[in-house]
2 protein chains.
Amino acid sequence: MVTLADVARHAGVSASTVSYVLSGKRSISAPTRERIQHSIDALGYRPHAGARALASSRTDILALMMPLRTGLYVPVMMEIAMAVTTTARSHGYDVLLLTGEEGPEAVRRVEGSAIADAMIVMDVGLDDPRLPCLQEAERPAVFIGLPTETAQAADAAGLDCVDLDFAAAGARCVEHLAGLGHTGIAVLGEPPAVYERGTGFAARTLTGLRAAAGAHGVGLLHRPVDGTYAAVAAAVTRVFEERPGTTALVVQNEAAVEPLLALLRHQGRAVPEDVSVVAICPDQVAVHASVPLTAVAVPAQEMGRLAVERLVARLAGEQPRGTALIPPLLTARASTGPAAPAAPAGPAAPAGPAAPAAPAAPGGPRTEDRHGRGGR
Amino acid sequence: MVTLADVARHAGVSASTVSYVLSGKRSISAPTRERIQHSIDALGYRPHAGARALASSRTDILALMMPLRTGLYVPVMMEIAMAVTTTARSHGYDVLLLTGEEGPEAVRRVEGSAIADAMIVMDVGLDDPRLPCLQEAERPAVFIGLPTETAQAADAAGLDCVDLDFAAAGARCVEHLAGLGHTGIAVLGEPPAVYERGTGFAARTLTGLRAAAGAHGVGLLHRPVDGTYAAVAAAVTRVFEERPGTTALVVQNEAAVEPLLALLRHQGRAVPEDVSVVAICPDQVAVHASVPLTAVAVPAQEMGRLAVERLVARLAGEQPRGTALIPPLLTARASTGPAAPAAPAGPAAPAGPAAPAAPAAPGGPRTEDRHGRGGR
DNA sequence: GTGAAAGCGCTAACAT
DNA sequence: ATGTTAGCGCTTTCAC
């Protein structure tokens with residue numbers, strides 16, 4: 001193994017000079033710097049991570065706590081993880097992946113053994129058990145999600161949080177539909193487990209949906225669903241029985257999207273003529289659905305990137321910047337339209353299969369409806 | 001920060017005794033061990049990862065190289081990653097996640113900076129550029145996938161590989177269909193990019209499919225497809241035009257599954273009466289599809305677990321165990337049946353929508369058809 | 001602008 | 001069964 005001492009000898013300088021060339025914490029004359037750089041390249045030297053960590057108390061590693069619990073949509077998690085690793089690398093950090101259920105214990109492990117400089121905490125719930133440990137901890141942490149009811153509360157607690165403004169996202173969906181004349185909306189939500197767990201984003205979305213529904217005088221039904229065809233079919237069928245006037249659906253459940261669209265086709269309900277559908281999901285899901293969906297995008301990449309950038313800033317000595325709620329962005333696609341003048345009282349007449357809307361040609365002309373900030 | 005010296009002082013022993021209690025590399029009398037353990041708990045001591053790494057040249061970290069390139073199905077990757085982290089933790093290891101495209105450079109970085117003890121390499125292609133670096137490297141590596149044409153070649157090169165036996169999996173699909181009397185089969189494969197990249201598993205599957213098709217006198221068509229409705233529709237439509245006698249489809253492309261089923265419904269082709277469908281995908285996808293699919297399972301969890309266990313064995317001093325090809329397991333579900341006596345020459349008469357098969361009740365009685373090892 | 005030297009916290013001979 | 005001690009490879013004062 002090539003050590004710093006080897007490089008120093010090869011370049012005919014002292015170890016400290018080599019170290020300073022590497023860290024740039026002291027000015028080195030151009031000739032020596034070049035000579036040293038040459039030796040480094042020639043010998044293929046790489047600083048030993050452990051030694052550096054011991055001497056400097058910095059590991060250049062970020063821990064990513066990503067407990068993958070039931071009901072979570074994996075691709076979104078993965079997209080965040082990718083954005084985290086990519087952004088981290090661009091700042092010189094590596095990422096340690098923690099997926100276990102250990103919770104607070106994992107926090108203490110990272111903290112106590114100095115295995116990482118900072119942490120990104122995902123799948124945050126209200127009263128998250130990791131929160132107290134994290135607040136006592138020396139190392140900075142950034143949450144993806146909100147461990148409190150409101151952004152204000154998070155700020156007050158001195159937390160650094162990054163998330164989509166799910167309340168505004170919910171409101172935005174209702175506004176869009178209300179603007180199209182819909183007065184009966186049903187929400188297909190995350191699986192029950194997600195709500196029971198107190199995972200903030202689902203609750204905040206619901207808050208926003210309800211507030212906007214109230215403000216616009218729109219009726220709102222909410223049904224958590226598992227992402228299976230059977231569960232979706234049961235929920236939707238019940239909704240139309242209970243509220244025949246329902247003309248629009250909001251889906252916040254990636255796994256339920258295709259089952260839902262299949263079901264509507266099977267029931268002979270045309271999208272968007274009979275039923276409008278708005279999703280809250282990553283754009284990729286919305287675009288590739290069997291009907292391109294009007295949707296509020298879940299900006300997974302941006303969340304991961306932002307989280308890392310805040311963490312890097314904190315490691316550079318900055319104070320927490322407080323909560324960053326990303327404003328929702330709704331893109332109108334082929335799944336929403338004006339409310340039908342007279343909503344059918346039940347399933348449409350079984351007059352053959354509804355033609356499935358073919359995915360629109362990529363880049364084709366299409367109404368886009370981009371409003372940055374929703375109500376709230 | 002609490003150090004080992006603090007613990008030693010608190011317990012009235014020397015530092016090395018504490019170290020040996022932790023490592024168990026020397027027998028300690030029960031009284032002292034207990035006294036020391038008590039001090040450790042009382043002070044909340046955790047060994048400093050960097051110091052330990054420097055002194056012992058072991059980091060207790062495994063690097064997971066998981067470049068997420070286009071065409072890969074993210075949930076499978078994630079499932080493997082989860083299995084890796086879980087298994088690793090159970091052996092006392094943490095996992096460093098490397099997702100970049102850096103390739104060989106990342107290998108050298110891990111190797112040179114001693115940031116991890118070993119590596120798990122995913123998304124392995126033929127002539128993988130990381131292979132040479134890895135072979136020179138001091139640290140052991142396990143591949144998930146095969147960087148060579150055959151398992152024998154991998155063994156000869158002294159590699160440790162873990163993968164599903166995709167050739168046998170392909171063969172198994174054909175055998176199952178041939179056994180049901182099908183004589184015209186079309187394969188919907190991974191996106192073109194996956195084949196072009198030389199990613200071994202797709203090619204090996206095709207080899208197995210073709211060999212078995214030859215052996216059973218079955219006609220075989222192969223079409224790579226992107227996982228979009230449009231791409232699937234184009235490919236399938238063309239297949240039925242070119243080979244009207246096609247009565248069965250094999251899908252190796254998770255993203256194409258739902259689009260395919262939706263398309264078949266739309267075309268009025270009943271599954272399995274008009275067309276049988278066999279998938280090569282994780283069981284979860286097969287079970288939750290809108291028609292429960294007969295499928296060869298991609299055992300993501302087992303692959304991750306096996307890879308870690310081999311790596312741990314190597315770190316404990318064992319020799320490479322060579323390539324482990326997991327035998328394919330085909331489970332018969334609702335999507336396959338006997339070949340129609342007279343296959344319809346074109347799309348069936350547009351006699352209303354085919355009733356979508358509701359997902360079978362969980363745990364309900366169903367024919368299962370479990371053969372461990374396929375041909376090959 | 002450069003060197004010398006004292007650790008960082010732990011492990012593992014080498015002693016007894 | 002336990003203590004002593006010499007590093008592991010790097011960073012960072014302190015000194016010139």
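Each chain gets a letter, A, B and so on, in the order the sequences are listed, and its residues count up from 1. Just the heavy atoms: all of them, side chains too, but no hydrogens, waters or symmetry mates, feed the values below.
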Rounding to a whole Å, what distance do you find between A:Arg9:CZ and C:dA4:P? 13 Å
So that I can tick it off, tell me whether A:Glu111 and A:Arg108 are bridged by a salt bridge, with the cut-off set at under 4.0 angstrom between side-chain N and carboxylate O. no
5' precedence on DNA chain C between B:Lys25 and B:Leu54 (nearest-nucleotide basis): B:Leu54
Value in whole Å for how far the C1' atom of D:dG7 lies from CE of A:Met1: 15 Å
Can you check the B:Leu22 CG to C:dG9 C1' distance for me, whole Å? 12 Å
Rounded distance in Å - CD1 (A:Ile36) to P (D:dC10): 14 Å
Looking only at side-chain atoms of B:Leu4, point me to the closest of C:dC10, D:dT11, D:dC10. C:dC10
As a test of understanding, state which of A:Asp60, A:Leu311, A:Thr59 forms a side-chain contact (heavy atoms from CB on, under 4.5 Å) with A:Tyr93. A:Asp60
Does the B:Ser56 side chain pair with the main chain of B:Arg52, one donor and one acceptor, at a distance under 3.5 Å? yes
Donor-acceptor pair, B:Arg305 side chain versus B:Thr87 backbone, under 3.5 Å? no
Short side-chain to backbone donor-acceptor contact, B:Asp41 and B:His38, under 3.5 Å: no
In whole angstrom, give the distance that lies between atom CG of B:Asp60 and atom C1' of C:dT11. 13 Å
Atom-to-atom span, CZ of A:Arg52 to C1' of D:dG9 - whole angstrom: 11 Å
For the backbone of B:Arg58 and the side chain of B:Asp117, can you confirm whether one donor and one acceptor N or O come within less than 3.5 Å of each other? no
Pull out every protein N or O sitting under 3.5 Å from an N or O of nucleotides 1-3 of chain D, one pair per line with the distance.
| residue | atom | partner | partner atom | Å |
| --- | --- | --- | --- | --- |
| D:dA1 | OP2 | B:Ser27 | OG | 2.7 |
| D:dT2 | OP1 | B:Ser29 | OG | 2.9 |
| D:dT2 | OP1 | B:Thr32 | OG1 | 3.1 |
| D:dT2 | OP2 | B:Ser29 | N | 2.8 |
| D:dT2 | OP2 | B:Ser29 | OG | 3.2 |
| D:dT2 | OP2 | B:Thr32 | OG1 | 2.9 |
| D:dT2 | N3 | B:Arg26 | NH2 | 3.3 |
| D:dT2 | O4 | B:Arg26 | NH1 | 3.1 |
| D:dT2 | O4 | B:Arg26 | NH2 | 3.3 |
| D:dG3 | OP2 | B:Ser14 | N | 2.9 |
| D:dG3 | OP2 | B:Ser14 | OG | 3.4 |
| D:dG3 | OP2 | B:Thr17 | OG1 | 2.8 |
| D:dG3 | N7 | B:Ser16 | OG | 3.3 |
| D:dG3 | N7 | B:Arg26 | NH2 | 2.9 |
| D:dG3 | O6 | B:Arg26 | NH1 | 2.7 |
| D:dG3 | O6 | B:Arg26 | NH2 | 2.9 |

Tell me the interatomic distance from B:Arg58, atom CZ, to C:dT11, atom P, rounded to whole angstroms. 10 Å
